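Working notes, beginning with the structure itself.
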Amino acid sequence: MNGNSEKHENRRRQLFLFHFAGGSRYSFEFMMPFLADFEVIALELPGRGNRINENLTKDFEEAACDFFGQVLKSLKGLNFVLYGHSLGALFAFRVCQLLEQRNVFPTYIVVSGNPGPGITLDKNLSELKRDDFVSELINLGGIPHEIVEDSDTLDFFIPILRSDFGMADYKKLKLVGVINAPIYALMGDKEESVNEITNWKNFTRADFQCNVLDGNHFFIYEQAERIANVIKSFNLRNN
């Protein structure tokens, strides 16, 4: 590797990915072809993926501290970005707070599929009966039909999903305070709380931007390249 290549590698930002409820480190594989400008670190909670043999974490703060530890372990410098979708957006925000308490400051964070702290939803999915729970998952659009149609696979994922949605209970979760990092928020135009997207601006002392894209809660699958372009364009603006 020549000197210019080494210099380029040292400039590359790290991008930490926080998965959605029921997700794992593999949840953003569909975006990887568009993220070559970054060193991507996909994070993962216990009880799924490579951590399948660990007990599920049911407490939000405990899970946030787990994510926080993973970031610190992989962090190479101060040139890094946090991105989370849905439940992962709240974790990205909380981890940003924990990092800033240590005087470690992300360049910016990108959040999607979530209206931000303090917005109360009408229902807590984790408490629904099985059939209603599955119906809501289908409505959200994030669960493949092959999983729904395979009862054994579905039975495997339901406890993980219930645990994760339990952590996201907005009626109990109290995230307060602001961060110094700029926030870019994205939501699908068919999401229930899309009109609340600007709520995120109340939680940063820095720049806030937002955009609404076509799609439901899991618009990220159809909009992978556009989301990656947002992350990359924000990257260029903040160099």
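Note that this is a predicted model, so its numbers are computed, not measured.
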Please walk me through it: do Phe208 and Tyr184 pass ring pair (Phe, Tyr, Trp, His ring centres under 6.0 Å)? CA-CA 6 Å; Phe208 169 75; Tyr184 197 116; 8.0 Å; no
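The nearest pair of heavy atoms linking Leu90 to Pro117 is CD2-N, 4.2 Å. Scanning all heavy atoms of the two residues, the minimum distance from Phe20 to Ser86 falls at CB-CB, 3.9 Å. Among all heavy-atom pairs drawn from Phe219 and Gly113, the shortest one is CE2-N, 4.0 Å.
Residues Gln209 and Asp207 bring a donor and an acceptor atom of their side chains to less than 3.5 Å of each other. When only modelled atom types and interatomic distance are considered, Glu225 and Asn229 share no side-chain donor-acceptor pair under 3.5 Å. Counting only N and O atoms by type, the side chains of His19 and Ser24 include no donor and acceptor under 3.5 Å apart.
Members clustered with Val194: Met187, Ile197, Val212, by chain and number, using a 4.5 Å side-chain heavy-atom cutoff among hydrophobic residues.
The ring-ring contact (aromatic ring centres under 6.0 Å, His included) check on Phe203 picks up Phe93, with sequence neighbours excluded. Here Arg102 pairs with nothing under the side chain to side chain donor-acceptor pair (under 3.5 Å) rule; sequence neighbours left out.
Atom CD1 of Ile41 and atom CZ of Arg25 lie 10.5 Å apart (nearest 0.5 Å). Distance OH/Tyr221 to CD1/Ile227: 10.5 Å, rounded to 0.5 Å.
Residue Tyr83 is tested with Phe38, Phe16, Phe28 for a ring-ring contact (aromatic ring centres under 6.0 Å, His included); the sole match is Phe28.
A salt bridge is defined here as a Lys NZ or Arg NE, NH1 or NH2 lying under 4.0 Å from an Asp or Glu carboxylate O, and Asp164 with Arg48 meets this definition.
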